[in-house]
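Written out below as structure tokens is the structure these notes cover.
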Amino acid sequence: MTTMVAGIGNIFLGDDAFGVELAHRLIAETLPDGVRVADYGIRGMHLAYDLLDMAPDTTILLDAVSRGDEPGTIYVLEIGPGTSPG
């Protein structure tokens, strides 16, 4: 079982760096075997190729998104085959 945790965001756009910062904090932790954490920032193509190469069982994307609630609200979007984030 493999899991990829990808931090996404632009460090030059304030809150948008949430995913990148969280990835850096997770990289410093001891994680279970099979879990890979990486800071992808704005390198979406790099992430796409790594997903193809690694073919993880689970992918977790850490990112900031505006959904209308107060800043700092955390959302979990579970997206499977054939679903779209609504």
Side-chain angles (χ1 to χ4, degrees):
M1 188 95 169
T2 57
T3 300
M4 175 184 275
V5 180
I8 302 169
N10 187 333
I11 62 170
F12 299 109
L13 295 178
D15 289 351
D16 194 45
F18 171 80
V20 172
E21 178 62 28
L22 186 52
H24 281 266
R25 291 180 187 210
L26 288 172
I27 289 168
E29 298 293 324
T30 301
L31 300 171
D33 291 338
V35 177
R36 177 178 174 222
V37 180
D39 161 15
Y40 285 94
I42 58 171
R43 299 180 330 270
M45 288 301 289
H46 185 188
L47 170 59
Y49 282 116
D50 281 355
L51 285 168
L52 287 172
D53 288 342
M54 185 178 173
D57 297 303
T58 303
T59 303
I60 300 171
L61 304 176
L62 308 172
D63 198 4
V65 61
S66 177
R67 294 185 54 94
D69 283 326
E70 293 293 318
T73 301
I74 296 176
Y75 299 95
V76 175
L77 306 174
E78 294 187 35
I79 303 169
T83 63
S84 63

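- Asp69 meets the side-chain hydrogen bond (donor to acceptor under 3.5 Å, both in side chains) test with Tyr75; sequence neighbours excluded.
- Take His24 and apply the side-chain hydrogen bond (donor to acceptor under 3.5 Å, both in side chains) test, not counting sequence neighbours, and it matches Asp39.
- Here the straight-line distance linking atom CG of Asp33 with atom CE of Met1 works out to 13.5 Å at 0.5 Å rounding.
- Side-chain heavy atoms closer than 4.5 Å link hydrophobic residues (I, L, V, M, F, W, Y) into clusters, and following such links, possibly through other members, connects Phe18 to Val37.
- The existence of a salt bridge linking Arg25 and Glu29 is excluded, since no basic side-chain nitrogen approaches an acidic carboxylate oxygen closer than 4.0 Å.
- Leu51 and Pro56 get closest at one heavy-atom pair: O-CD, 3.7 Å.
- When Ile42, Leu22, Leu47 are each tested for a side chain to side chain contact (heavy atoms under 4.5 Å, CB included) with Ile8, only one passes: Leu47.
- The CE atom of Met54 sits 7.0 Å away from the OG1 atom of Thr3 when rounded to the nearest 0.5 Å.
- Follow the hydrophobic side-chain contacts under 4.5 Å out from Tyr40 and you never reach Ile11; the two are in separate clusters.
- Follow the hydrophobic side-chain contacts under 4.5 Å out from Val35 and you reach Leu26 in the same cluster.
- Evaluated for a side chain to side chain contact (heavy atoms under 4.5 Å, CB included) with Met4, the options Asp57, Asp50, Ile60 yield exactly one hit, Asp50.
- The shortest non-hydrogen separation linking Leu62 to Ala23 is CD1-N, 4.1 Å.
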